[in-house]
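In what follows, chains are A, B, ... by sequence order, proteins preceding strands, each numbered from 1.
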Number of protein chains: 2
Amino acid sequence: MEAKILLQEHIAKTVSLTEEEFDYFFSHFKPMSFKKGQTIIGAGDKVDCEYFVISGCLKAFFINDEIKMYILQFAMPTWWTSDYTALYNQTPATINVDCITDAEVLCLTSTDREKLCAEFHQVEHFFRWRTNKGYIASQKRLLSFMNNNVKTRYEELLALYPQLYNLVPKHLIAAYLGVSRETLSRLYNS
Amino acid sequence: MEAKILLQEHIAKTVSLTEEEFDYFFSHFKPMSFKKGQTIIGAGDKVDCEYFVISGCLKAFFINDEIKMYILQFAMPTWWTSDYTALYNQTPATINVDCITDAEVLCLTSTDREKLCAEFHQVEHFFRWRTNKGYIASQKRLLSFMNNNVKTRYEELLALYPQLYNLVPKHLIAAYLGVSRETLSRLYNS
DNA sequence: TTGATTACGTGATGTAGATCACATTCTGAT
DNA sequence: ATCAGAATGTGATCTACATCACGTAATCAA
């Protein structure tokens, strides 16, 4: 019940649910396991779930003209991920999500999320705050993109997620920073 | 009562409140008027409100080393703006908000927002969706930043907000695109 | 163990956009 | 009406980073 406790503690940071309420809440999540390299959401797919990461590391990324990859988010344990644009607009996925390492996730359908939000004010509150944090983080990253050069962004990233350096190959870090792998390589060998 | 109706119609797109509920909701908003060039939030300020734009055009921007300005958002009627990082973390403002034109806004304190969210499930729902849309838009802009060159981003911006072209000076559009005014100038004179 | 695939490093060269410098027009205050 | 300060245009030069090209090391499957 590792997964259940992880989610429970995560939720408890924002709202308090009784044990019963949480059990009910949790019953809507479907545990899933993936192997390294497996695709969770592929471009063009219908998207109806979002994912809470229990273990492992995912990436949410966009591919331009089948050539360049840009990583929107690395998703580590206790992070949520999906193609939210597709999920909320009911459009085919333009963002891919796949597994950098073996991973376990909890899957929640959009329908169930809305149902739970409607049933429990507290759940709606939780999701408002979660999205709010995401929004703030996204604005911050945008600013960093406009304001900082690659070196600064690289240092920022490593300060924020020191685990990443050993966990994910360098070309993925480059794809997150929006820089070529060659430039990144030259950058930290100097 | 222009302002009241504008807000009412805006809210009604997401949730239904009774006339009484909306009156109560609306009573927490404070109308304010500003002149072109006036500062609403300045870097370093304590931030405890967010603003719903009734008329005019605001900009939310960051200034780097007192030199470069980057515009995070133009706020037009029915848009919300503030320094959300400062608002949610209770830290001094790092984002400025000021008026590109004369403007009328409705001001809502963070305390009142949270109170209203707690009192009305529907209000919490509204704010969740509003933030959600903001998050999706922010991710989209980030992707565009990584993936597209200045020309494409410029065309995207004008397609999205045709009014901007005549309303705001070009160097502000450049500051939104994260490009020098010279480069932008060369771009649309060719 | 071997061959294929992926990760990574590094030189040479190209280019989008920044920066600097200066001229011109527009706008707003007195 | 006039003057000061914005806003804009445009050339010359500079630079961060991309792209191409090629090499080596690491990983993995049969």
Side-chain angles (χ1 to χ4, degrees), chain A residues 35-39 57 59 61-71 74 96 98-102 142-158 164-190, chain B residues 34-39 56-57 59 61-71 74 96 98-103 143-158 164-190:
Chain A
K35 289 283 167 199
K36 178 175 175 175
Q38 266 193 286
T39 298
C57 181
K59 63 178 194 285
F61 61 103
F62 172 78
I63 289 195
N64 148 333
D65 307 327
E66 323 242 322
I67 294 184
K68 281 201 195 170
M69 173 177 70
Y70 297 103
I71 294 181
F74 290 113
N96 305 263
D98 70 17
C99 301
I100 295 177
T101 66
D102 290 359
L142 185 64
L143 254 186
S144 179
F145 234 95
M146 296 202 271
N147 191 34
N148 299 135
N149 62 17
V150 178
K151 182 159 198 175
T152 310
R153 295 202 315 270
Y154 174 66
E155 284 159 1
E156 247 176 38
L157 178 65
L158 286 196
L164 276 185
Y165 188 83
N166 297 312
L167 190 60
V168 316
K170 309 276 173 286
H171 74 270
L172 293 185
I173 293 185
Y176 181 92
L177 296 173
V179 78
S180 72
R181 56 166 202 85
E182 293 96 329
T183 297
L184 182 63
S185 166
R186 280 184 253 267
L187 214 131
Y188 55 66
N189 294 326
S190 66
Chain B
F34 295 94
K35 289 281 167 199
K36 178 176 176 174
Q38 266 194 286
T39 296
C57 182
K59 64 178 193 284
F61 61 103
F62 172 78
I63 289 195
N64 148 333
D65 307 327
E66 323 242 323
I67 295 183
K68 281 200 195 170
M69 173 177 69
Y70 297 103
I71 295 181
F74 291 113
N96 305 263
D98 70 19
C99 301
I100 295 177
T101 66
D102 291 359
L143 255 186
S144 178
F145 235 93
M146 296 203 272
N147 190 34
N148 299 135
N149 62 14
V150 178
K151 182 158 198 175
T152 309
R153 291 195 326 264
Y154 174 66
E155 284 160 1
E156 245 175 40
L157 178 65
L158 286 197
L164 277 186
Y165 188 83
N166 298 311
L167 190 60
V168 316
K170 309 277 174 284
H171 73 270
L172 294 186
I173 293 185
Y176 181 92
L177 296 174
V179 79
S180 71
R181 57 168 201 83
E182 292 95 330
T183 297
L184 182 64
S185 167
R186 280 184 253 267
L187 216 131
Y188 54 68
N189 294 325
S190 66

Asker: Check this one for me: any side-chain N or O of A:Tyr188 less than 4.0 Å away from OP1 or OP2 of C:dG9?
Answerer: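 Result: yes.
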Asker: Strictly below 4.0 Å: does B:Lys68 bring a side-chain N or O up to OP1 or OP2 of C:dT19?
Answerer: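 True: B:Lys68 side-chain N/O within range (under 4.0 Å) of C:dT19 OP1/OP2.
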Asker: What nucleotide among C:dA18, C:dG9, D:dA18 has an atom nearest to a side-chain atom of A:Asn189?
Answerer: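 So the side chain of A:Asn189 is nearest to C:dG9.
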Asker: Please examine the side chains of B:Met69 and B:Leu172, heavy atoms only from C-beta on, and report whether any two atoms are closer than 4.5 Å.
Answerer: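 Result yes, sub-4.5 Å side-chain heavy-atom pair found.
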Asker: At less than 4.0 Å, is any side-chain N or O atom of B:His171 found next to OP1 or OP2 of D:dT8? Yes or no.
Answerer: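 The answer is yes; a side-chain N or O of B:His171 sits under 4.0 Å from OP1 or OP2.
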Asker: How many Å lie between CZ on A:Arg153 and P on D:dC17, as a whole number?
Answerer: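 It is 7 Å, rounded to the nearest whole Å.
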Asker: Are the side chains of A:Leu167 and A:Ile100 in touch, meaning some heavy atoms are under 4.5 Å apart?
Answerer: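 Not touching, per the 4.5 Å side-chain cut-off.
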Asker: Rounded to the nearest angstrom, tell me the gap between atom CD1 in B:Ile100 and atom P in D:dA7.
Answerer: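 Nearest whole value for this atom pair: 11 Å.
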Asker: Could you tell me how the ring of A:Tyr176 sits relative to the ring of A:Phe74: parallel (under 30°), tilted (30 to 60°) or perpendicular (over 60°)?
Answerer: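 Rings of A:Tyr176 and A:Phe74: parallel, as their planes differ by under 30°.
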Asker: With a 4.0 Å cut-off on heavy atoms, is A:Gly178 in touch with a base, just the backbone sugar-phosphate, or nothing at all?
Answerer: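 Sugar-phosphate only.
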Asker: What's the CG-C1' distance between A:Asn147 and C:dA18, to the nearest Å?
Answerer: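 The distance from CG of A:Asn147 to C1' of C:dA18 comes to 14 Å, rounded to the nearest Å.
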Asker: Enter the distance from B:Leu143:CG to A:Ile71:CD1 here, rounded to the nearest 0.5 Å.
Answerer: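 Separation between the atoms: 11.5 Å.
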Asker: Expressed as a whole number of angstroms, how long is the span from A:Arg186:CZ to D:dC20:P?
Answerer: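 Nearest whole value for this atom pair: 13 Å.
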Asker: When you measure from the side chain of B:Thr183, which nucleotide among D:dC17, C:dA18, C:dT10 comes out closest?
Answerer: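 Nucleotide nearest to B:Thr183's side chain: C:dA18.
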Asker: Of B:Asn149 and B:Lys36, whose nearest nucleotide on DNA chain C comes first from the 5' end?
Answerer: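 With B:Asn149 and B:Lys36 compared, the 5'-side residue is B:Asn149.
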Asker: Rounded to the nearest angstrom, tell me the gap between atom NZ in A:Lys170 and atom C1' in C:dT6.
Answerer: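 Roughly 14 Å, once rounded to whole Å.
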Asker: Can you check the A:Arg181 CZ to D:dT19 C1' distance for me, whole Å?
Answerer: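 Atom-to-atom, A:Arg181 to D:dT19, this comes out as 11 Å.
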Asker: For the residue pair B:Met146 and A:Phe62, establish whether any side-chain heavy-atom pair is separated by less than 4.5 Å.
Answerer: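 Not touching, per the 4.5 Å side-chain cut-off.
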Asker: Please report, rounded to the nearest Å, how far the P atom of D:dA26 is from the CG atom of A:Asn166.
Answerer: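 Interatomic distance, CG of A:Asn166 to P of D:dA26: 16 Å.
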Asker: With a 3.5 Å cut-off and heavy atoms only, can you find an N or O donor on one side and an acceptor on the other between the side chain of B:Glu182 and the base of C:dC20?
Answerer: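 Side chain to base: pair present.
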Asker: Starting from P on D:dA18, measure out to CD1 on A:Ile67 and report it in whole angstrom.
Answerer: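 Checked: the CD1 to P distance equals 15 Å.
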